[in-house]
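As structure tokens, the structure follows; a few thoughts come after it.
We count ligands from 1, going down the list as the structure has it; atoms in each ligand are counted the same way. Owing to the predicted nature of the structure, the values given are computational and were not obtained by experimental measurement. Excluded from the calculations below are hydrogen atoms, water molecules and symmetry mates; all remaining heavy atoms, backbone and side chain alike, are included.
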Amino acid sequence: MCTPFRVHLHAELPALPPISVPEELPENWEEQLPAAIGKIRTQQEFPRVYKTWLDLHPNIYSERSRFEWLTCLLSYASRDSNGNGIPDWGTIIDNAPTQILFPQDPDMDGDGVINAFDSAPLDVKIGKLFHQKALPPHLRINRRKRREAAEYQEKLFREFNIVAIDHTDIHSPIVLKELYLVLKNGFSKELLKKLNNIRYVYAFAGHDPLAHVASFHAGAQAISVVGVASYGARPLAQQERIDLISTLAHEIGHAFLLKKLTAEELAQIGAKYGGWQQLTSSDLPDSFFSRVLFQPYFFKVADSESFQRNNIVSQYAMTNRHEWFAEAFAGQILYKLGKLHMLGASWREMLNRNPSGGHGYWVNYNNLNDDFRQWLEVKQQ
Ligand SMILES: [Zn+2]
């Protein structure tokens, strides 16, 4: 099924449309429903995206679930609260049909206040313009109850125009602090201005803290991170800190990739610095979502020498070219912070970790060679 995303906890969601799935599905429903969504302005790509998705995942849901899902998407995508022709909710995320619909219209009710800054994003009568430099009260963390989290929320907003929003979990001061330090010391102000695809940082419950501390959501201009359920107020040990920083830098790396490189460039540097297959000009990807960019690494011999030569800083980096890049990007940021004495003593040893037990992957963020470091350094300016 599908459900719209709550841009903040106080935001009302439109009621779920009643959907009945008939005993016998109508003829051609799987062409007609996507075609109907495709008729909505800004959703023209939907039929193609849906078809591609279906070819790749033919048996993941039953016909009845797919019918229900498409009907749900059509219902939400048909809503246009302010009547400006742009639907409130979009149906495509990362070039795939979505189950969570993010706002397509930045100001759904048309009251002049963008959704997250609007205490009632779907009510045109409620929406107060606040001074640009201030967080609206419904987003502000209570300073008396959570002083440190509130301070970092304020700093992130004032200095980087990034809004930390409590969501299914509340923000941990530890995570916000490290995010602030990464942004402050790992990046130039000019670069951060260009990374306008990170505007919000949501605290989510339910991320597995060992495997999944954060994710980047391009469609929502957001990063989601774990909150107090995973990181309370307890100070982190050095290794834990480095792990958290590497995850944050990794997610920023995804945002950076989409803003500062092209898909073709990713293929080119993948071949040049990463030992990924060299693509001929007819295979070069025209989009970041081209399938070739999601193929896993193929090794003839996997040893530490080839990891080093190919700038493979972790097992996870071999998942696909996107992850290879994000991991290397994180490695370079860690190196920068280490050099600035921000990661404690013997930080270089701590960038090399072989987790025992079933959790996690091996990482060695030192596996970056000078050529690629230099390339990253120039791009990161
Ligand atoms: Zn990633």
Side-chain angles (χ1 to χ4, degrees), residues 56 93-96 98-100 102 162 175 178-179 182-183 186-187 191-192 195 197-204 206-226 230-231 240 242-263 265-267 269-270 273-276 285 287-297 307 310-337 351 353 355 359-365 367-368 372 376 379-380:
L56 288 172
I93 293 289
D94 296 348
N95 214 38
T98 186
Q99 285 178 323
I100 295 181
F102 290 120
I162 288 174
V175 177
E178 299 302 346
L179 176 63
V182 168
L183 292 170
F187 300 91
L191 174 60
L192 286 173
L195 294 189
N197 52 353
I198 309 176
R199 295 233 33 215
Y200 307 106
V201 179
Y202 287 105
F204 272 7
H207 277 291
D208 169 3
L210 283 165
H212 234 71
V213 171
S215 317
F216 170 60
H217 312 272
Q221 300 171 287
I223 285 177
S224 61
V225 294
V226 293
S230 309
Y231 292 94
E240 284 178 297
I242 288 177
D243 292 348
L244 173 58
I245 290 172
S246 69
T247 311
L248 296 171
H250 172 108
E251 300 309 331
I252 299 170
H254 281 301
F256 176 94
L257 173 61
L258 300 189
K259 273 283 157 188
K260 293 277 288 181
L261 271 77
T262 62
E265 238 180 315
L266 176 58
I269 59 158
Y273 299 110
W276 292 86
S287 136
F288 277 117
F289 302 104
S290 296
R291 278 174 75 177
V292 66
L293 297 179
F294 289 92
Q295 284 162 358
Y297 206 83
F307 292 142
N310 294 316
N311 294 289
I312 295 170
V313 300
S314 70
Q315 195 175 338
Y316 190 58
M318 293 182 277
T319 308
N320 58 49
R321 288 168 174 87
H322 282 266
E323 300 307 336
W324 169 78
F325 181 84
E327 280 292 82
F329 185 92
Q332 178 64 5
I333 296 295
L334 286 165
Y335 180 74
K336 243 185 194 171
L337 299 179
L351 300 188
R353 189 163 58 80
H359 288 296
Y361 297 95
W362 66 259
V363 296
N364 187 355
Y365 286 111
N367 281 352
L368 287 177
F372 193 40
L376 282 165
K379 273 277 171 188
Q380 283 174 353

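The N, O or S atom of H254 lying closest to the Zn ion (ligand 1) is NE2. Atom NE2 is the N, O or S atom of H250 at the shortest distance from the Zn ion (ligand 1).
Between the CZ atom of F325 and the CZ atom of F256 there is a distance of 5.0 Å, given to the nearest 0.5 Å.
Here the shortest heavy-atom pairing between G186 and I333 reads O-CD1, 3.6 Å.
Among the backbone and side-chain atoms of E323, an N/O/S atom is found under 2.8 Å from the Zn ion (ligand 1). Distances from the Zn ion (ligand 1) show that H322 has no N/O/S atom below 2.8 Å.
Side chains of Y365 and Q332: a donor-acceptor N/O pair is absent below 3.5 angstrom, by distance only.
Checking side-chain atoms of N367 against main-chain N and O of I312 turns up a donor-acceptor pair under 3.5 Å.
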